[in-house]
Amino acid sequence: MIFWKKKTREEREAKKARHIPLTKYTEGGRIATLMGLIHIFLIILTITASVSKRGHAGIYVGVMMLLVMISAAVGFVIGINSFKEMDKFFRYSYIGTILNASIWIGILGLYMTYI
């Protein structure tokens, strides 16, 4: 019984030709994930400013949250478009897209609650 058979050179080269080299993560996924992390930081910053002013932080907090919401929508679009890149890992594309979408929906939900 032979459990292991040495492969010929042609078989090894054929296997290398079939192999898809997944060497990098998508660029759009990295950007979307980084944008999502920045959005989380800005949300924490605005909440901290509002709590420290006891709810009287002014219009600047609202404008910043509105800009974060618009930027999260842009990050979501970048994350979706990053799935078009070929032969790359999509881990950061998934993370960035989900993160930006949840931030956008969360801020939209806050605005809809208080309007």
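In this structure, Tyr94 shares a hydrophobic cluster with Phe83, Phe90, the cluster being traced through Ile, Leu, Val, Met, Phe, Trp and Tyr side chains under 4.5 angstrom apart. Taking a 4.5 Å side-chain heavy-atom cut-off between Ile, Leu, Val, Met, Phe, Trp and Tyr, the cluster of Phe76 extends to Ile80.
Listed by chain and number, the residues in a side-chain hydrogen bond (donor to acceptor under 3.5 Å, both in side chains) with Ser82 are Ser93 (sequence neighbours excluded). Under the salt bridge (charged side-chain N to carboxylate O under 4.0 Å, His left out) criterion, Glu27 pairs with no residue at all, not counting sequence neighbours.
Going from atom CZ of Arg30 over to atom NZ of Lys24 covers 6.5 Å, rounded to the nearest 0.5 Å. Note that CG of Asn81 and OG1 of Thr26 are 11.0 Å apart. Values are rounded to the nearest 0.5 Å.
One hydrophobic cluster holds both Ile70 and Ile107 under the rule that ILVMFWY side chains link at heavy-atom gaps under 4.5 Å. At a threshold of 4.5 Å between side-chain heavy atoms, the hydrophobic network of Ile, Leu, Val, Met, Phe, Trp and Tyr places Ile105 and Ile98 in two separate groups.
Residue pairs satisfying the side-chain hydrogen bond (donor to acceptor under 3.5 Å, both in side chains) criterion with at least one member in residues 106-115, sequence neighbours excluded, are absent.
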Result block: side-chain N/O donor-acceptor pairs under 3.5 angstrom for residues 32-54, not counting sequence neighbours:
from  : atom 1 : to     : atom 2 : distance (Å)
Thr33 : OG1    : Gly29  : O      : 2.8
Thr33 : OG1    : Tyr92  : O      : 2.9
Thr33 : OG1    : Gly96  : N      : 3.3
His39 : ND1    : Met35  : O      : 3.0
His39 : ND1    : Asn100 : OD1    : 3.1
His39 : NE2    : Ser71  : OG     : 2.8
Thr46 : OG1    : Leu42  : O      : 3.2
Thr46 : OG1    : Ile43  : O      : 2.9
Thr48 : OG1    : Ile44  : O      : 2.7
Ser52 : OG     : Thr48  : O      : 3.2
Ser52 : OG     : Ala49  : O      : 2.9

Side-chain atoms of residues 58-66: list all donor-acceptor pairs with protein atoms under 3.5 Å, sequence neighbours left out, distances to 0.1 Å.
none

